[in-house]
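Input: a single structure, listed below in structure tokens.
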Amino acid sequence: MHSMCSRQAVRNLLFALPLTALTVGCGGEPLEQPTDTAPVAGDESPAQVEQGVALGGTYWWGTSTNGFTSTAIGTATNRTCFLSGVQGNLVPRVTGSWSGTGTFISGGNWTVYVNQNNSKALSTGIQCLATAANRTAVVSWYQGSAAKLLGAATAQRRCFLTSIEASGGFNSNSDYVRVWSDGLNWYLGGNLAGDGGGSAVCVDVPENHGGWLWVAGDPGGFTENLAYNPDSVACLLSGIGGHFNTSSYTDGVSIDYNAGTRFWEMTVVNGKRGWGNCVK
């Protein structure tokens with residue numbers, strides 16, 4: 001599978017639930033880069049900064065190759081990376097094995113990875129911000145556990161997903177993992193019918209520019225606007241849900257920047273749901 005920087009927007013709206021602006025509330029060294037899964041750096045034109053935080057790189061990584069495939073996508077110094085999309089099949093071929101995708105820090109660099117054993121398409125989008133201000137340690141949550149504390153809610157703390165894993169989970173429309181603030185603390189949790197979970201990190205970013213939840217009908221899909229980008233706004237995934245059991249690099253949830261309209265957009269397909277938050 002070769003790079004797919006631009007994803008086809010499916011625009012027949014079947015079911016959408018906008019969420020109003022939210023109130024304050026594995027590691028290891030990267031493996032050798034496979035020839036068919038080179039990360040694709042996206043357009044960083046929104047990173048023209050007058051205030052707020054600059055973007056720090058936009059990436060896409062996808063493969064149907066079995067095993068753990070990964071590559072470094074740049075320094076972790078003054079830079080924090082989060083999920084902006086997941087597409088494809090998270091259902092492992094063998095009961096008890098795990099699939100997953102996302103980003104983590106290894107050897108001082110952010111690394112993007114896909115881990116699977118079913119020979120099906122699986123991909124991830126990663127959006128990096130050019131800041132590590134008060135970055136928290138990575139926290140992971142798995143089905144069957146209580147919600148995990150990410151940190152206290154502060155005026156500038158923003159938390160987003162960094163990875164998703166499954167071993168039977170993410171095989172139902174009702175499955176999800178997300179982060180949220182109750183006004184006092186940030187948490188990571190969710191509800192899955194099978195084993196699975198996710199990881200998240202928090203970082204300080206000065207401004208909150210809104211939060212949304214979009215849910216696609218099944219079958220069906222659409223693309224909807226998130227925040228307008230006057231200068232240096234960025235939008236990332238704070239939650240993801242649905243059945244990720246289709247071998248397709250376009251079947252999932254993704255947040256992308258549309259330079260033609262200057263809006264950040266979210267695409268959801270075939271029963272998937274995505275929580276997106278925008279910051280500056």
Flag side-chain contact, heavy atom, 4.5 Å: [X] against [Y]:
| X | Y | result |
| --- | --- | --- |
| L83 | L236 | no |
| F160 | V279 | yes |
| T71 | V112 | yes |
| L237 | Q127 | no |
| S163 | S199 | yes |
| L129 | V205 | yes |
| V86 | V253 | no |

Does a side chain donor of either [X] or [Y] reach within less than 3.5 Å of an acceptor in the other side chain?
| X | Y | value |
| --- | --- | --- |
| Q87 | S123 | yes |
| N245 | N89 | no |
| H243 | N173 | yes |
| N277 | N208 | no |
| T250 | S248 | yes |

Any idea how [X] and [Y] line up, ring-wise: parallel (<30°), tilted (30 to 60°), or perpendicular (>60°)?
| X | Y | result |
| --- | --- | --- |
| Y257 | W264 | tilted |
| W60 | Y249 | perpendicular |
| F244 | F170 | perpendicular |

Exercise for the section: Decide whether I164 and W98 are clustered together by the hydrophobic rule: side chain heavy atoms of Ile, Leu, Val, Met, Phe, Trp, Tyr closer than 4.5 Å, transitively. Expected result: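 Different hydrophobic clusters.
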Handout entry: Cluster overlap L188 with W180, hydrophobic side-chain contacts below 4.5 Å
Key =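 Different clusters: L188 never reaches W180 through Ile, Leu, Val, Met, Phe, Trp or Tyr contacts under 4.5 Å.
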Handout entry: Flag, side chain of S238 to backbone of W275, donor-acceptor distance under 3.5 Å
Key =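 Yes.
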Problem - Side-chain donor or acceptor of S167 paired with backbone N/O of S97 under 3.5 Å - result: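 Looks like yes, one N/O pair under 3.5 Å.
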Practice task
Identify the heavy atoms of N191 and W141 that sit nearest to each other, and give their distance.
Solution key: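 For N191 versus W141, the nearest heavy atoms are N-CH2, 4.0 Å.
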Practice task
Give the minimum heavy-atom separation between V233 and N229, together with the two atoms involved.
Solution key: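 Smallest interatomic distance, heavy atoms only, reads N-OD1, 2.8 Å.
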Practice task
Can you spot which of N109, T111, T103, T58 makes a side chain to side chain contact (heavy atoms under 4.5 Å, CB included) with I73?
Solution key: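 Going through N109, T111, T103, T58 one by one, the side chain to side chain contact (heavy atoms under 4.5 Å, CB included) with I73 is satisfied by T103 alone.
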Practice task
Could you please spell out the steps behind the side chain to side chain contact (heavy atoms under 4.5 Å, CB included) verdict for T101 and N115?
Solution key: CA-CA 6 Å; T101 191; N115 181 41; over 6 Å; no
Problem - Proximity of F222 and W214 rings by center, below 6.0 Å - result: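 Between F222 and W214, the centre distance is under 6.0 Å.
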Handout entry: Counterpart residues, side-chain hydrogen bond (donor to acceptor under 3.5 Å, both in side chains), relative to Q116 (two or more places apart)
Key =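 Q116 satisfies side-chain hydrogen bond (donor to acceptor under 3.5 Å, both in side chains) with no other residue.
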Exercise for the section: Using side-chain hydrogen bond (donor to acceptor under 3.5 Å, both in side chains) as the criterion, list what pairs up with R135, not counting sequence neighbours. Expected result: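 Scan of R135 (side-chain hydrogen bond (donor to acceptor under 3.5 Å, both in side chains), adjacent residues dropped) gives T80.
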Exercise for the section: Any pair with a residue in residues 99-182 that passes disulfide bond (SG atoms under 2.5 Å apart), sequence neighbours left out, goes on the list, sorted by first then second residue, please. Expected result: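 Non-adjacent pairs meeting disulfide bond (SG atoms under 2.5 Å apart): C81-C128, C159-C202.
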Handout entry: Name of the residue among F68, W61, Y59 meeting ring pair (Phe, Tyr, Trp, His ring centres under 6.0 Å) with Y113
Key =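 Option passing the ring pair (Phe, Tyr, Trp, His ring centres under 6.0 Å) with Y113: F68.
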Handout entry: NZ/NE/NH1/NH2 to OD/OE distance under 4.0 Å, D218 and K272
Key =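 Salt bridge: no.
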